[in-house]
Amino acid sequence: MAGPFEVTDEDELRKAADIRRRIEQAPILLARHEDLLTVPAIGSHLAGDDAATAWMTSSHLVNATLLMAADNMRALCGLLLPGARLSMPLFAHYPLLRSILDASALVKWLLEPDVRTDRITRMLRARWSDAIHSRDLKKEDVATVKALGAYDVDELSRAEAAIAQRYAKDVAKIREIERAFSISHSEVKRGQDPWVHMVRSVCTVAAGPDWMAIPGEYAASTWRSLSGLSHPSFGGAVNNSSLEEIADGASEGNLFARFSADLGVTQRAVDVAWNTFQEAVSLVGQRYATAR
């Protein structure tokens, strides 16, 4: 296995410089996130949404989701710029980039509609997906305890009852809100959009003073690259990494090459993730502020 090496190619160095510039912008974006209200102001769009959906408030979902994006951005910056020099792992940064993009895109998807009923519909769809995921995860926990053998039957029965009760409580609240806004239950049961479709729909970003324009398809293809590189995939690794021939062993039937992270893929992903996070932060600021 080869160790770290220094990049000298001029095109790769330009990409590295752009990645570093984005990382150095991150504290500005993170400071904007930290300055956001955590409780929507009275008279704001989200304050009205929260009042209409309590206890299943929209702002709780938005706050937790955007915090995930910010936390992963901090972790990514520490990974890629641990000191004075940019350091690029082969795979470790891709799951962090995907998480930033996923969370930021979800916040935008939740808050983009101007009509309250449309925002609440999306919130309910996300909550429906989350309720099912939480229920199934807890069922897996119970199945794990059973598979391990010795367990308290009464205690496990209480745990199974608690899982069913919590799921029923979530569903009952969702149905209550549906009725209040005449929202179709079949629409809510669709759950939140698949990630790639969500990214495509919300990541059409107009050019600004500090960021490039991002068409939806460009962001969606970036998400697919990140998804492929976040899971074990030979094709994903080969197709999205730089390959450098270092020795010709043709006489023995071997070609010796070195894989490294494709800085072009990383540069594109950082651009998309940073832009989407910036848009999400701005949208939260608008929806949490008193409507004028």
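Numbering of residues begins at 1 and proceeds along the displayed sequence. Just so we're clear, the structure is a prediction, and the values are computed from it rather than from any experiment. Scope of the values below: all heavy atoms of this structure, side chains included, with no hydrogens, waters or symmetry mates.
- Inter-residue side-chain proximity for Trp109 and His197 is flagged as unmet; no heavy-atom pair is nearer than 4.5 Å.
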Kindly determine whether Asp130 and Asp170 satisfy side chain to side chain contact (heavy atoms under 4.5 Å, CB included), including the steps that lead there.
CA-CA 10 Å; Asp130 189 57; Asp170 288 341; over 6 Å; no
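- Taken together through direct or relayed side-chain contacts under 4.5 Å among Ile, Leu, Val, Met, Phe, Trp and Tyr, Val39 and Leu67 form parts of separate hydrophobic clusters.
- For the 3.5 Å distance criterion, the side chains of Ser134 and Arg166 fail to qualify, holding no donor opposite an acceptor.
- Separation of atoms CZ (Arg98) and CG (Leu96) is listed at 12.5 Å; rounding is to 0.5 Å.
- A side-chain donor-acceptor contact under 3.5 Å links Thr290 to the backbone of Ile42.
- Leu137 CG: more than 12 foreign heavy atoms inside a 6.0 Å radius.
- Considering NE2 of His33 and CD of Gln278, their distance stands at 12.5 Å, rounded to 0.5 Å.
- The number of heavy atoms from other shown groups lying within 6.0 Å of CZ (Arg74) is above 12.
- Contact record, Arg116 with Gly48: NH2-CA, 3.3 Å, taken as the closest heavy-atom pair.
- Between Arg127 and Leu61, the closest side-chain pair of non-hydrogen atoms falls below 4.5 Å.
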key: Candidate pair Ile177 and Lys173, rule side chain to side chain contact (heavy atoms under 4.5 Å, CB included), full reasoning   = CA-CA 6 Å; Ile177 298 170; Lys173 184 62 179 178; 4.1 Å; yes
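- Looking at every heavy atom in both residues, Arg22 comes nearest to Trp274 through O-NE1, 2.7 Å.
- A donor-acceptor pair shorter than 3.5 Å cannot be found between the side chains of Asn63 and Thr38.
- At least one side-chain heavy atom of Arg119 sits less than 4.5 Å from a side-chain heavy atom of Arg287.
- Contact check for Leu76 versus Leu97: side-chain heavy atoms found under the 4.5 Å cut-off.
- Using modelled atom types, no side-chain atom of Trp223 and backbone atom of Trp195 make a donor-acceptor pair closer than 3.5 Å.
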Item to complete: Could you walk me through whether Glu176 and Arg179 pass the salt bridge (Lys or Arg N to Asp or Glu O under 4.0 Å) test, one step at a time?
Response: CA-CA 5 Å; Glu176 174 190 320; Arg179 290 190 294 270; 5.7 Å; no
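- Minimum heavy-atom separation, Ala280 to Val107: CB-CG1, 3.9 Å.
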Practice item. For side chain to side chain contact (heavy atoms under 4.5 Å, CB included), just list the numbers for Asp136 and Tyr167, CA-CA rounded to whole Å, side-chain angles, deciding distance to a tenth of an Å, and then say yes or no. Key: CA-CA 10 Å; Asp136 292 349; Tyr167 179 69; over 6 Å; no
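- Taking the side chain as every heavy atom from C-beta outward, Arg200 and Glu217 approach each other to under 4.5 Å.
- A distance of 6.5 Å separates CZ in Phe277 from CG in Leu29, rounded to the nearest 0.5 Å.
- Taken from CG in Leu283 to CD in Glu112, the straight-line distance is 6.5 Å, to the nearest 0.5 Å.
- Residue Met68 is not grouped with residue Leu66 when hydrophobic side chains (ILVMFWY) are merged at heavy-atom distances under 4.5 angstrom, including chains of intermediate members.
- A 4.5 Å side-chain heavy-atom check between Arg14 and Leu263 finds every atom pair outside the cut-off.
- Between the side chains of Ser58 and Asp49, no donor-acceptor pair is found at a separation under 3.5 Å.
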Given Leu37 and Ser44, is the side chain to side chain contact (heavy atoms under 4.5 Å, CB included) satisfied, shown in steps? CA-CA 11 Å; Leu37 296 172; Ser44 67; over 6 Å; no
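- Side-chain atoms of Thr57 never come within 3.5 Å of backbone atoms of Ser59 as a donor-acceptor pair (strictly under, hydrogens ignored).
- Atom CD1 in Ile100 sits 9.5 Å away from atom CG in Asp71 (nearest 0.5 Å).
- Taking both residues in full, the closest heavy atoms of Ala220 and Val199 are given as N-CG1, 4.0 Å, listed atom of the first, atom of the second, then distance.
- For the side-chain contact (heavy atoms from CB on, under 4.5 Å) with Lys15, the lone residue among Gln267, Arg268, Arg20, Met88 that qualifies is Gln267.
- Of all heavy-atom pairs between Leu80 and Pro89, the closest is CD2-CD, 3.6 Å.
- The minimum heavy-atom distance linking Val62 with Leu110 is given by the pair CG2-CD1, 4.3 Å.
- Sorted by first and then second residue, the ring pair (Phe, Tyr, Trp, His ring centres under 6.0 Å) pairs with a member in residues 175-194 read Trp128-His185; sequence neighbours excluded.
- Between the side chain of His60 and the backbone N or O of Met56, no donor-acceptor pair lies under 3.5 Å.
- A donor-acceptor contact shorter than 3.5 Å is absent between the side chain of Ser104 and the backbone of Leu101.
- Follow the hydrophobic side-chain contacts under 4.5 Å out from Trp55 and you reach Met123 in the same cluster.
- Between Asp35 and Arg32 there is no salt bridge, since no side-chain nitrogen of the basic residue lies less than 4.0 Å from a carboxylate oxygen of the acidic one.
- Once rounded to the nearest 0.5 Å, the distance linking CG of Leu124 with CZ of Arg175 reads 11.0 Å.
- With hydrogens and angles disregarded, a donor-acceptor distance shorter than 3.5 Å links the side chain of Ser157 to the backbone of Val153.
- No side-chain heavy atom of Leu106 sits less than 4.5 Å from a side-chain heavy atom of Asp102.
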Criterion salt bridge (Lys or Arg N to Asp or Glu O under 4.0 Å) on Arg158 and Glu155, from CA distance to verdict:
CA-CA 5 Å; Arg158 288 193 294 272; Glu155 183 178 352; 5.1 Å; no
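- Considering only heavy atoms from C-beta on, Leu226 stays 4.5 Å or farther from Val272 through its side chain.
- At a threshold of 4.0 Å, the pair Arg122-Asp193 does not count as salt-bridged, since none of the basic side-chain nitrogens sits closer than that to a carboxylate oxygen.
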